[in-house]
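Reading through the structure tokens given below for one structure.
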Amino acid sequence: MLVHPQFDPVAIAIGPIQIHWYGLTYLLAFGLFLWLGARRVRYPWLAGAGWTRRDIEDLLFYGVLGVILGGRIGYVLFYKPAYYAAHPLEMLAVWQGGMSFHGGLLGVLAAMALFARRRGRSFLQVTDVVAPCVPAGLASGRIGNFINGELWGRAADPSLPWAMIFPQSGTNIPRHPSQLYQFALEGLLLFALLWWYAARPRPTGQVSGAFLFGYGVLRFIAEFFREPDSFLGLRALDLSQGQWLSLPMVAIGAWLWWRAGRAQSTR
């Protein structure tokens, strides 16, 4: 039976200064966004529309603020509002984990809206450029979850070769390493599909719609293997909080994709 390696959450310690693995995975995510975004704006239809590497650098700045503030605020509001109301200072302890993707997405969308307004571009033009670069960063974040031994999976059949015991769970139950499932699904697989799809000109909004739809579907699937938060459990219809938050993404993504295609066909 595999046992979680129990990594030291501190990657580098220099005197009183500690750099956590969780922070490094976020740094890697931002670096991947910068590299992939710089490659993306070289496409002729984006370069011809005036997109440059400088725009990607500015988008990264906006996106970092959106991810960190939105992700943390989303976790506080969506998952543990009562706890953080009683312990408000712990809202700042992001190194302990506790970031909501759905909250981070809302934060990034707000940041992209601000960027679009300041640059005189449409919101969907901006998100179409950004969307294919996001899944690689999500993959990096899931590695951070695995290193921290958090967000472990539901109980698994002991005969499953990769079933793993997570001592942090307080039990010796073999579990699905759901962090790695999410790394593979909403990280690597979504990145490959979306990068391929966005490698040719698409109607404005279709790439954004494909991202929302793809992430929502893959996250919904992964949640069947992820242990629901103990303070939430399963919601209506035995679905987790993450699944209920993913359903609107699927619906909005499908609508955006359909709307963009219809708008082009009626021109």
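Just the heavy atoms: all of them, side chains too, but no hydrogens, waters or symmetry mates, feed the values below.
Under the 4.5 Å side-chain heavy-atom criterion for grouping Ile, Leu, Val, Met, Phe, Trp and Tyr, Ile147 is not connected to Val10 through any hydrophobic cluster. When hydrophobic clusters are built by joining Ile, Leu, Val, Met, Phe, Trp and Tyr residues whose side-chain heavy atoms come closer than 4.5 Å, directly or via intermediates, Leu151 is not grouped with Leu2. The cluster map of Ile, Leu, Val, Met, Phe, Trp and Tyr, joined by side-chain heavy atoms under 4.5 Å apart, puts Leu124 and Phe211 in the same cluster. No single ILVMFWY cluster, assembled from side-chain heavy atoms under 4.5 Å apart, contains both Leu188 and Phe191. Under the 4.5 Å side-chain heavy-atom criterion for grouping Ile, Leu, Val, Met, Phe, Trp and Tyr, Leu237 is not connected to Ile221 through any hydrophobic cluster.
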Exercise answer: donor-acceptor pairs, residues 27-46 side-chain atoms, under 3.5 Å, sequence neighbours excluded:
unit_1: Arg40; atom_1: NE; unit_2: Val129; atom_2: O; d: 3.1
unit_1: Arg40; atom_1: NH1; unit_2: Ala198; atom_2: O; d: 3.0
unit_1: Arg40; atom_1: NH2; unit_2: Asp128; atom_2: O; d: 3.0

Extract all donor-acceptor atom pairs below 3.5 Å that involve side chains of residues 104-121 and protein atoms in other chains or at least two apart in sequence.
unit_1: Arg118; atom_1: NH1; unit_2: Tyr62; atom_2: OH; d: 3.2
unit_1: Arg119; atom_1: NH1; unit_2: Asp55; atom_2: OD1; d: 2.7
unit_1: Arg119; atom_1: NH2; unit_2: Asp58; atom_2: OD2; d: 2.4
unit_1: Arg121; atom_1: NH1; unit_2: Ala49; atom_2: O; d: 3.3
unit_1: Arg121; atom_1: NH2; unit_2: Ala49; atom_2: O; d: 3.1

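The CD1 atom of Ile19 sits 4.5 Å away from atom CD1 of Ile12, with the distance rounded to the nearest 0.5 Å. Residue Glu223 holds its CD atom at 3.5 Å from OG of Ser240, rounded to the nearest 0.5 Å. The distance from the CZ atom of Phe166 to the CG atom of Asn148 is 11.5 Å, given to the nearest 0.5 Å. With rounding to the nearest 0.5 Å, the separation of CH2 in Trp255 from CD1 in Ile252 is 8.5 Å. With rounding to the nearest 0.5 Å, the separation of CZ in Arg175 from OG in Ser169 is 4.0 Å. Here Phe225 contributes atom CZ and Leu180 contributes atom CG; the two are 13.5 Å apart, rounded to the nearest 0.5 Å.
Annotation: side chain to side chain donor-acceptor pair (under 3.5 Å) contacts of Arg226 (sequence neighbours excluded): Gln182. Applying the side chain to side chain donor-acceptor pair (under 3.5 Å) rule to Trp244 yields no partners; only residues at least two apart in sequence or on another chain are considered. Applying the side chain to side chain donor-acceptor pair (under 3.5 Å) test to Asp157 and every residue at least two apart in sequence or in another chain returns Ser159.
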- Please report the C-alpha distance between Arg219 and Leu245 in whole Å, then the side-chain angles of each, then the deciding distance to 0.1 Å, and finally whether the side chain to side chain contact (heavy atoms under 4.5 Å, CB included) criterion is met. CA-CA 10 Å; Arg219 174 66 181 268; Leu245 291 173; over 6 Å; no
- Message: Could you walk me through whether Gln168 and Gln6 satisfy the side chain to side chain donor-acceptor pair (under 3.5 Å) test, starting with their C-alpha distance in whole Å, then the side-chain angles of each, then the deciding distance to 0.1 Å, before giving a yes or no?
- Response: CA-CA 9 Å; Gln168 294 92 330; Gln6 298 292 280; 2.9 Å; yes
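Other residues, nucleotides and ligands contribute over 12 non-hydrogen atoms within 6.0 Å of the CZ atom of Phe220. Annotation: Phe61, atom CZ; neighbour count of heavy atoms from other residues, nucleotides and ligands within 6.0 Å does not exceed 12. In Arg259, the CZ atom is not crowded: 12 or fewer heavy atoms of neighbouring residues, nucleotides or ligands sit closer than 6.0 Å.
Among all heavy-atom pairs drawn from Ala210 and Leu194, the shortest one is CB-CD1, 3.8 Å. Residues Gln243 and Asp238 share a closest heavy-atom pair of OE1-O, 4.4 Å. Nearest heavy-atom pair, Pro174 versus Ala163, reported as atom, atom and distance to 0.1 Å: CB-CB, 4.0 Å. Residues Val130 and Leu59 come closest through the heavy atom pair CG2-CD1, 3.9 Å. Among all heavy-atom pairs drawn from Asn145 and Arg142, the shortest one is OD1-NH1, 2.9 Å. A pairwise comparison of heavy atoms in Glu150 and Tyr22 identifies OE2-CE1, 3.3 Å as the closest pair.
Checking each of Trp152, Trp162, Phe146 against His4 for a ring-ring contact (aromatic ring centres under 6.0 Å, His included) leaves exactly one that passes, namely Phe146.
You'll find the side chain of Cys133 reaches within 4.5 Å of the side chain of Trp195, heavy atoms only. Side chains of Phe213 and Met249 form no contact here, defined as non-hydrogen atoms less than 4.5 Å apart.
Here the side chain of Ser178 pairs no donor or acceptor atom with the backbone of Tyr181 at under 3.5 angstrom. Within the 3.5 Å criterion, the main-chain N or O of Ala260 finds no donor-acceptor partner in the side chain of Gln206.
Here Ile173 sits alone; no ILVMFWY side chain lies under 4.5 Å from its own, so it joins no hydrophobic cluster.
In this model, no donor atom of one side chain and acceptor atom of the other lie less than 3.5 Å apart for Tyr26 and Trp21. For Thr204 and Gln125, the side-chain atoms include no donor-acceptor pair closer than 3.5 Å.
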